[in-house]
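Below, chain A is the first sequence line, B the second, and so on; all start at residue 1.
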2 protein chains.
Amino acid sequence: MSTPERLIESTRELLWERGYVGTSPKAIQQHAGAGQGSMYHHFSGKPDLALAAIRRTAEEMRATAEASLSGDGSAYERVAGYLLRERDVLRGCPVGRLTMDPDVIASDTLRAPVTETLEWLRERLAAIVQEGLDQGEFSPALDAREIASTIVATVQGGYVLARSTGSPEAFDAGVRGLLALLAPR
Amino acid sequence: MSTPERLIESTRELLWERGYVGTSPKAIQQHAGAGQGSMYHHFSGKPDLALAAIRRTAEEMRATAEASLSGDGSAYERVAGYLLRERDVLRGCPVGRLTMDPDVIASDTLRAPVTETLEWLRERLAAIVQEGLDQGEFSPALDAREIASTIVATVQGGYVLARSTGSPEAFDAGVRGLLALLAPR
DNA sequence: GTCTATAAGACGATAGAC
DNA sequence: GTCTATCGTCTTATAGAC
């Protein structure tokens, strides 16, 4: 792997684990096995490198989500597939966690990939829920965009609960509760 | 207000805004209008002061939640009251956000109030949902503890969505979606 | 491209005067 | 109790040799 590649991948891992504020250029360099000069040759500084890392993580998250959402099956089944897919629950969401990073939220550039990814996910889920509504799969009293927001929020909040206890139990419970509420009858 | 009080209150605000990793003793001292020596006279260091601040924030959150949950009305109405109460949505949850702070999660002492508060909330909501189940208010197919997890997760995740867009819209949408799913028929 | 050297300031804390 | 001084380390770079 090339040096810029190693720097980006190291930044992705450290951002996931410690956030932007908690990740120093020095830590990135050590994790990547690169020197100071090497990092500043390829990237203008910490924000530039973080942007490359965040963009890649966001892209990957979209691809992973799309994989569970684009399969066959009813709307409920695809939503269930998304909610029940394997996750590293205790690590949390590498994109969602950045919303708690003050320096990321303060920078329009760094925040953009975060906003876009979560908005894309919400719209993608809303389209599927709307399909379900059109097929009479869900109660007509429901609003597709609202339910999509509930789904994404349950996942993001499930990570918070899981990390607070150090166990995936609360995440799983929240997801099962949501699926029970959504279940077609 | 006494100096220790001002230090604790300043720490609470900075922890809410910037997290533990992003909050320096110096910033706390300046915000509180206290000197270095003053802070280290009253507290043994940053973790000690943060613990006092986190405990108080956790206590306050419990009191606020209890206020919306202990009123009159059906289980659904009390859950709705909790979900729809006024919130500073874009600031997020001062307790939940700490779960994304690596140094808080790494310390059993600092994490304890976070764990306890979110677990208390989940149990408190589970008891109310169980009441609703006993009254035939909700579908008997539902599990009280699961639904309680879904409710807390929706709120915590709603903050993530709101902060990602810089608008409370997604939080409100997620809450409305959940209430529509819960609505007794 | 990568290395080492250097730097101004922040971080988290301690020491000792007042 | 509060103040200033000091400390060793980390942070986020820049400069310039190789």
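The number of heavy atoms from other shown groups lying within 6.0 Å of CD (A/E66) is above 12.
Here C/dC11 presents its C1' atom at 15 Å from CG of B/L14, a figure rounded to the nearest Å. Following rounding to the nearest Å, B/H41 (NE2) and D/dT4 (C1') show an atom-to-atom distance of 17 Å. The distance from atom CD of B/Q29 to atom P of D/dT4 is 12 Å, rounded to the nearest whole Å. Atom CD of A/Q30 is separated from atom C1' of D/dC10 by 11 Å (rounded to the nearest Å). For the pair B/I28 CD1 and C/dA10 C1', the computed distance is 14 Å after rounding to whole Å.
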Run the side chain to side chain donor-acceptor pair (under 3.5 Å) check on A/Y159 and A/R87 step by step: do they pass? CA-CA 10 Å; A/Y159 289 130; A/R87 292 163 196 275; 3.1 Å; yes

Could you go step by step and tell me if A/Q29 and A/Q36 meet the side chain to side chain donor-acceptor pair (under 3.5 Å) rule? CA-CA 7 Å; A/Q29 292 149 23; A/Q36 298 260 66; 2.9 Å; yes

Check the pair B/Y20 / B/L110 against side-chain contact (heavy atoms from CB on, under 4.5 Å), numbers first and verdict last. CA-CA 10 Å; B/Y20 183 84; B/L110 291 178; 4.0 Å; yes

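Of the residues in residues 97-108 of chain B, not one places a heavy atom less than 4.0 Å from an atom of DNA chain D.
Residues A/D103 and B/R18 are paired through a salt bridge, judged by an N-O separation under 4.0 Å between the basic side chain and the carboxylate.
Close to C/dT2, at under 4.0 Å from its OP1 or OP2, lies a side-chain N or O of A/T3.
Residues A/A126 and A/A144 share a closest heavy-atom pair of O-CB, 3.5 Å.
Side-chain contact between B/L83 and B/V155 is present, with heavy atoms from C-beta onward closer than 4.5 Å.
Residue A/L14 belongs to a hydrophobic cluster whose other members are A/L7, A/I8, A/I28, A/M39, A/Y40, A/F43, A/L49, with links defined by side-chain heavy atoms closer than 4.5 Å.
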One character per nucleotide, please: for nucleotides 12-18 of chain C, 5' to 3', B when the base has a protein heavy atom closer than 4.0 Å, S when only the sugar-phosphate does, - otherwise. SBB----

